[in-house]
Amino acid sequence: KLIVFQYSDNIISYNFSVYTYTGGAHGNINYQTYTFDLENGTEVTYEDLFQADVNELAVISPIVQQALNEHLGEMTDAQWIEDGTGENPDNYQNFILTDGALIFYFDPYQVAAYAAGPQMVSIPLVDLAEVLAPEFRGE
């Protein structure tokens, strides 16, 4: 399944959700996201989104953890959330940029049990203004 998001006339994001079944009790869904700068013909990476001299994860990680704790309720597992959303950029490679938010997608088992399903957290760009590169502040 493909969903397309647009940040601007030149910046577009694609979210592919891929279902696989390799046997067992159930299949699995995984996300693969891509964001492109159509004007320059380049892919926008996670590192491109942020100022080089800031620790963006010190801002992002607590926001994501709080949102997941609220959303998951009784299915919350503090260690699972910490492992899947801690200050490691690898945890945040599946992102989408919209005109108002930066959305992170988490595969099943990354932040919660399979029964909780895949998770996503949307952070308004204004909440990240202090760490975003100027071209992605949505101003």
Side-chain angles (χ1 to χ4, degrees):
K1 180 179 172 182
L2 170 65
I3 303 174
V4 180
F5 299 84
Q6 193 153 357
Y7 170 75
S8 68
D9 289 342
N10 297 320
I11 306 289
I12 193 164
S13 293
Y14 297 95
N15 179 8
F16 294 89
S17 55
V18 180
Y19 177 84
T20 56
Y21 180 75
T22 59
H26 54 75
N28 205 5
I29 189 168
N30 297 95
Y31 293 107
Q32 188 63 52
T33 62
Y34 300 94
T35 298
F36 295 102
D37 180 334
L38 302 177
E39 184 175 29
N40 296 320
T42 58
E43 184 174 359
V44 176
T45 66
Y46 171 87
E47 292 78 16
D48 295 332
L49 296 174
F50 304 101
Q51 299 171 46
D53 58 344
V54 300
N55 179 3
E56 76 283 350
L57 290 174
V59 175
I60 293 170
S61 185
I63 294 171
V64 169
Q65 289 174 2
Q66 180 180 351
L68 288 170
N69 280 314
E70 291 171 4
H71 175 75
L72 290 168
E74 292 180 12
M75 296 193 83
T76 297
D77 181 299
Q79 189 61 54
W80 222 328
I81 289 176
E82 175 61 32
D83 292 344
T85 64
E87 291 192 25
N88 178 345
D90 291 344
N91 290 329
Y92 297 95
Q93 294 304 307
N94 284 319
F95 68 87
I96 292 297
L97 189 62
T98 73
D99 63 350
L102 180 59
I103 304 171
F104 293 102
Y105 289 85
F106 303 97
D107 294 339
Y109 299 113
Q110 183 174 347
V111 297
Y114 178 85
Q119 301 296 315
M120 58 151 302
V121 173
S122 178
I123 305 174
L125 295 177
V126 296
D127 293 351
L128 299 173
E130 67 186 80
V131 296
L132 285 172
E135 61 267 34
F136 299 114
R137 290 185 187 147
E139 300 170 344

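Any value given below was found using the heavy atoms of this structure, including those in side chains, with hydrogens, waters and symmetry copies removed.
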Using side-chain heavy atoms (C-beta onward) and a distance below 4.5 Å, is Leu128 in contact with Phe136?
no
So does Gly86 get a backbone contact from the side chain of Asn91, meaning a donor-acceptor N/O pair under 3.5 Å?
yes
Can you tell me how far apart OH (Tyr14) and CD1 (Ile96) are? Round to the nearest 0.5 Å.
10.5 Å
Please answer whether the main-chain N or O of Gly73 pairs with a side-chain N or O of Thr76 as donor and acceptor at a distance below 3.5 Å.
yes
Ser13 versus Thr33: any side-chain heavy-atom pair under 4.5 Å?
no
Do Tyr31 and Asp107 touch side chain to side chain, with heavy atoms closer than 4.5 Å?
yes
State the CZ-CD1 distance between Phe95 and Ile103, to the nearest 0.5 angstrom.
11.5 Å
Distance-only donor-acceptor check, side chains Glu56 and Tyr46, under 3.5 Å
yes
Note: Val111 and Gln119 closest approach over all heavy atoms is CG2-CG, 3.7 Å
Heavy-atom pair of closest approach, residues Trp80 and Asp77:
N-OD1, 2.9 Å
Heavy-atom pair of closest approach, residues Leu125 and Asp99:
CD1-O, 3.9 Å
Given 3.5 Å as the limit, does a donor-acceptor pair link the side chain of Ser61 with the main chain of Thr85, or not?
yes
Working to the nearest 0.5 Å, report the span between CG of Leu38 and CD1 of Ile12.
6.0 Å
For Asp37, enumerate each residue passing the side-chain hydrogen bond (donor to acceptor under 3.5 Å, both in side chains) test, keeping only those at least two apart in sequence or located in another chain.
Asn40
For the pair Gln65 (side chain) and Glu82 (backbone), establish whether a donor and an acceptor sit closer than 3.5 Å, ignoring hydrogens and angles.
no
Please name the pair of heavy atoms, one in Ile29 and one in Ser17, separated by the smallest distance, quoted to 0.1 Å.
CD1-CB, 3.7 Å
Measure from the side-chain N and O atoms of Gln51 to the backbone N and O of Glu130, and report whether any donor-acceptor pair falls under 3.5 Å.
yes
Side chain to side chain contact (heavy atoms under 4.5 Å, CB included) between Leu97 and Val44, intermediate numbers included:
CA-CA 10 Å; Leu97 189 62; Val44 176; 5.5 Å; no
Describe, in one word, how the ring planes of Tyr34 and Phe36 are oriented to each other, choosing from parallel (under 30°), tilted (30 to 60°) and perpendicular (over 60°).
parallel
Partners passing side-chain hydrogen bond (donor to acceptor under 3.5 Å, both in side chains) against Gln32 (at least two apart in sequence or in another chain)
none
Would you name the heavy atoms of Glu135 and Asp48 that are closest together and state the gap between them?
OE2-O, 4.5 Å
According to the interplanar angle, ranging from 0 to 90°, do the rings of Tyr114 and His26 count as parallel (below 30°), tilted (30 to 60°) or perpendicular (above 60°)?
parallel
So which heavy atom on Thr98 is nearest to which on Tyr7, and how close?
O-CD1, 3.0 Å
